[in-house]
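Here the structure is laid out as structure tokens; the discussion comes afterwards.
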Amino acid sequence: MSNFYETLGVSRTATPEEIKRAYRKLARETHPDVAGEASAERFKEVSRAYEVLSDPEKRQLYDMGGEQALNGGRSGGAGANFGFSDIFETFFGGTTRSSGPVPRGRRGQDAIVTIDITLEEAVFGAKRDITVNTAVTCPACQGSCCRPGTSPETCSACQGRGSVQRVANSFLGQIMTTSPCGVCRGHGTIIQDPCPECSGDGRVRSRRTINIDIPAGVESGNRMRMPGYGEVGPGNGPAGDLHVEFKVADHPIFSRQGDDLVCSVSVPATAAALGTTITLETLDGPREITLKAGTQPGDVHSIRGLGATRIHRGTRGDVKVFVDVTVPKKLSDREKELMRELAELRGEEHPEIKPGTGIFSRLKEKMGL
Ligand SMILES: [Zn+2]
Ligand SMILES: [Zn+2]
């Protein structure tokens, strides 16, 4: 690969004026609008060399460490992605790309909807039909934007090319540059008779029903992207995406904690002392839980695999049942008598007060606090 001095055909001691003169001559010979597309690469090289050698700071870096110094030595990597188009536009006031007509269709906007779901739907997944107010392809013109029976006319200003050439004066002399056609806005065609149904937009607002597949395991705030279910773009452009956000309603029994579904049950002190069996209505149907004699407030019972679904994995956490023990508040005379008798029997008439062994310390232990 030749160095920048060789590219411009100048010596290492060339003055800024000599460099500028050399570039002017070479640019004129290699500019794609003058010499054709085939010389575009050469023109780029020449411009790259000039961009560096015409800047005293860059030239010094280059002289000391070659192109590597330009790439690494400067903040922002100015050497690596140097502004070829910038320098070009500065000199010629146009772009090198002759892009041809710009398609009329543009991508449609994304849309977002929030749907309320039950905990059961969140855990097991579900199908749901939702209706959204969105932009759909105009049924009258099928997105062509023209009154049915008519079609776009070729733009006479640019002969359908979408771009116009103009002569610009630069220090290189007169140069042809290409810019988008202002009459047809670069489309190359003009719609003389727009579709009355959509006012020439190619789309209309409409209500549309979409079938949503709620994945098992979603949580409140999770979003699902449905590509192509957003608004159709103008001029029959591709549709944007639909984002569906889920909001899980409160459940009367369970709440989600990580992968688990947690709830609490209240059992009377007598049942906790004697042991009992309770039936819990889980999301998977009724399940029996046996509380052993001497169950304490804050005890936790787990039912493996009946918790929340881990999204994308399909496995499930556990149901966790926190036991709450209720102490009777109002006692009849007979009940008081029995209680006193029990207390006497257990030597609890003068209970001992012990710190740090109650429900709070046990709860703290279980929650890992
Ligand atoms: Zn229409
Ligand atoms: Zn035009």
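As the structure lists them, so they are numbered: ligands from 1, and atoms in each ligand from 1. Heavy-atom basis, side chains included; hydrogens, waters and symmetry copies ignored. When a residue number appears, it is its place in the shown sequence, counting from 1.
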The Zn ion (ligand 2): protein N, O or S atoms [distance under 2.8 Å]: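 Protein N, O or S atoms closer than 2.8 Å to the Zn ion (ligand 2): Cys155 SG, Cys158 SG, Cys181 SG, Cys184 SG.
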
Close to the Zn ion (ligand 1), meaning under 2.8 Å, how many protein N, O or S atoms are there?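 Number of qualifying protein atoms: 4.
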
Is the side chain of Asp324 donor-acceptor paired with the backbone N or O of Val265 at a distance under 3.5 Å, no angle test?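 No, the answer is negative, given that no donor and acceptor are paired below the 3.5 Å cut-off.
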
Donor-acceptor check, side chain of Arg304 to backbone of Asp318, threshold 3.5 angstrom: yes or no?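 Flag not set: sc Arg304 to bb Asp318 has no pair under 3.5 Å.
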
Can you tell me if Arg256 and Ser220 form a side-chain donor-acceptor pair at under 3.5 Å?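 Judged by distance alone, the side chains do not pair up.
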
Does the side chain of Tyr50 come under 3.5 Å of the side chain of Arg24 through a donor N or O and an acceptor N or O?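 Judged by distance alone, the side chains do not pair up.
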
Salt bridge flag under 4.0 Å for residues [X] and [Y]:
{"X": "Lys44", "Y": "Glu51", "answer": "no"}
{"X": "Asp241", "Y": "Arg107", "answer": "yes"}
{"X": "Glu337", "Y": "Arg340", "answer": "no"}

Spacing of Asn236 atom CG and Cys141 atom SG [to the nearest 0.5 Å]: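 Between Asn236 CG and Cys141 SG, I get 8.0 Å after rounding to 0.5 Å.
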
Looking at Val325 and Gln296, what are the two nearest heavy atoms and their distance?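 Shortest heavy-atom contact: CG2-C, 4.1 Å.
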
